[in-house]
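Worksheet: the structure to be examined is printed underneath.
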Protein chains: 2
Amino acid sequence: MRGVQHNEPEQLATIFKALAHPVRIAILDLLRYGEECVCHMEATLGKRQAYISQQLAILRAAQIITDRRDGMNIFYRVVRPEIYALLDAARAVNSLPMSVPPPIRRESCPCPKCTPVVAVAD
Amino acid sequence: MRGVQHNEPEQLATIFKALAHPVRIAILDLLRYGEECVCHMEATLGKRQAYISQQLAILRAAQIITDRRDGMNIFYRVVRPEIYALLDAARAVNSLPMSVPPPIRRESCPCPKCTPVVAVAD
DNA sequence: TTAGTATATTCCATTCTTTGCATACAGTCA
DNA sequence: TGACTGTATGCAAAGAATGGAATATACTAA
């Protein structure tokens, strides 16, 4: 994914390339309902951290997502929500259902969203 | 069957791969207003015939287009018009204009659509 | 400071994709 | 039939993407 593009089909092809990978699509589906941290994607997708991070770098380079640090975790979110219309349009081409289930808290994910602070008896 | 099968990022990635190429996008834009023959794409896109034919083969394999012979020419057309919603959605992501200009008859294209029979004075 | 945790990057072998070239094939016309 | 035209296919070299392993970075806590 190189620098700026001049000609129009070239720009479109760049977006499609960023989406032409099942793990990157799964990541975007995870982010559909809001930001998530890397460890959550790791737990949900069952892929190694470094691998997830590589795919996130590609989506970041395509300016589809951005990140935000909060304490020890880095949360990613989609900055071009139009991308979901694109995913839905692709599902329509395949006659696939549109709905993507809301995110699930993962026991195996250590981030604060997944392991909320529990009141401890004193 | 427990819930909708939701492991189709692979299928979506396949569509995006078929579209992740500027020449294939340009071909689909050419076919937006109806069928066109290979020679017309050759003339319009300024690419060699064998190259166009290769890209057509990929779109055919992805079941996005199909062909029809008429005399000496082979005309291609889109069989999944939903693909245009997909292209338009990608343009929206890039904040690009939606409209694709209608096809232009090419002097350099020898097909009957481009060089209509002209009444000859007797 | 040191140790630890979360995430990113770099390197690399392997595998897919791209695209030019040559050629094959299938109709058409004389 | 043979020559011709439009289109498709096979091959191969170059290039890009994949995904694994190791390592680097950046922050937090003690």
Side-chain angles (χ1 to χ4, degrees), chain A residues 1-3 5 9-10 13-27 30 35-62 65-77 106 108-115, chain B residues 9-10 13-27 30 35-62 65-77 106 108-115:
Chain A
M1 246 140 282
R2 300 228 42 90
Q5 271 130 27
E10 195 84 45
T14 301
I15 296 193
F16 288 130
K17 265 181 207 167
L19 298 180
H21 191 290
V23 169
R24 295 198 287 273
I25 291 173
I27 288 174
L30 265 182
E35 64 177 15
E36 298 291 353
C37 67
V38 178
C39 60
H40 185 79
M41 302 181 206
E42 201 182 341
T44 304
L45 302 178
K47 303 284 182 186
R48 289 174 317 105
Q49 174 274 319
Y51 180 58
I52 299 276
S53 205
Q54 280 173 354
Q55 305 307 330
L56 288 171
I58 290 169
L59 290 172
R60 229 186 315 121
I65 61 177
T66 189
D67 58 347
R68 166 184 86 81
R69 177 177 279 272
D70 181 9
M72 286 212 295
N73 304 290
I74 295 184
F75 287 83
Y76 277 88
R77 66 178 186 281
R106 299 282 166 189
S108 52
C109 177
C111 81
K113 283 181 77 175
C114 287
T115 55
Chain B
E10 197 79 48
T14 301
I15 295 193
F16 288 129
K17 267 181 204 165
L19 298 180
H21 191 290
V23 169
R24 295 198 286 273
I25 290 173
I27 287 173
L30 266 181
E35 62 177 18
E36 297 291 353
C37 67
V38 178
C39 60
H40 185 79
M41 302 181 205
E42 201 182 340
T44 304
L45 303 178
K47 302 283 181 185
R48 289 172 318 103
Q49 175 273 319
Y51 182 60
I52 300 277
S53 205
Q54 281 171 348
Q55 305 306 332
L56 288 171
I58 291 169
L59 290 172
R60 230 186 312 122
I65 61 177
T66 190
D67 58 346
R68 166 183 85 82
R69 176 177 280 273
D70 181 10
M72 285 213 296
N73 305 291
I74 295 184
F75 287 83
Y76 277 88
R77 68 179 184 282
R106 299 284 166 186
S108 52
C109 177
C111 81
K113 283 181 77 173
C114 289
T115 56

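Each chain gets a letter, A, B and so on, in the order the sequences are listed, and its residues count up from 1.
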* With the side chain of B:M72 defined as its heavy atoms from C-beta on, choose the nearest nucleotide among C:dC21, D:dT5, C:dT9. =>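 The closest nucleotide is D:dT5.
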Using side-chain heavy atoms (C-beta onward) and a distance below 4.5 Å, is [X] in contact with [Y]?
X	Y	value
A:L56	A:I27	yes
A:Y76	A:V38	yes
B:R68	B:I74	no
A:C39	A:N73	yes
A:K47	A:E42	no

Whole-Å gap separating [atom2] ([N]) and [atom1] ([X]):
X	N	atom1	atom2	value
A:I58	C:dA8	CD1	P	13 Å
B:F16	C:dT17	CZ	C1'	19 Å
A:D67	C:dT9	CG	C1'	14 Å
A:K47	D:dG19	NZ	C1'	9 Å
A:L56	D:dT25	CG	C1'	16 Å
B:Y51	D:dA12	OH	P	21 Å
B:N73	D:dA8	CG	P	11 Å
B:I52	D:dA8	CD1	P	11 Å

For a quick test of reading the model: is some side-chain N or O of [X] closer than 4.0 Å to OP1 or OP2 of [N]?
X	N	result
A:R60	C:dT9	yes
B:Y76	D:dA8	yes
A:H21	D:dG19	yes
A:R24	D:dT18	yes

* **Residue closer to the 5' end of DNA chain D, B:K17 versus B:C39 (nearest nucleotide)** => B:C39
* Comparing A:R48 and A:D70 on DNA chain D - which has the more 5′ nearest nucleotide -> A:R48
Is there a donor N/O on one and an acceptor N/O on the other, under 3.5 Å, for the side chain of [X] and the base of [N]?
X	N	answer
B:Q49	D:dA8	yes
A:Q55	D:dG19	no
B:Q54	D:dG10	yes

* To do: Assign A:F75 to base, sugar-phosphate, or nothing according to its heavy-atom contacts below 4.0 angstrom with the strands shown.
  =>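 Result for A:F75 = nothing.
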* **Touch class at under 4.0 angstrom, heavy-atom based, for A:R69 against every strand present** =>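 Counting heavy atoms under 4.0 Å across all strands, the contact made by A:R69 is with sugar-phosphate only.
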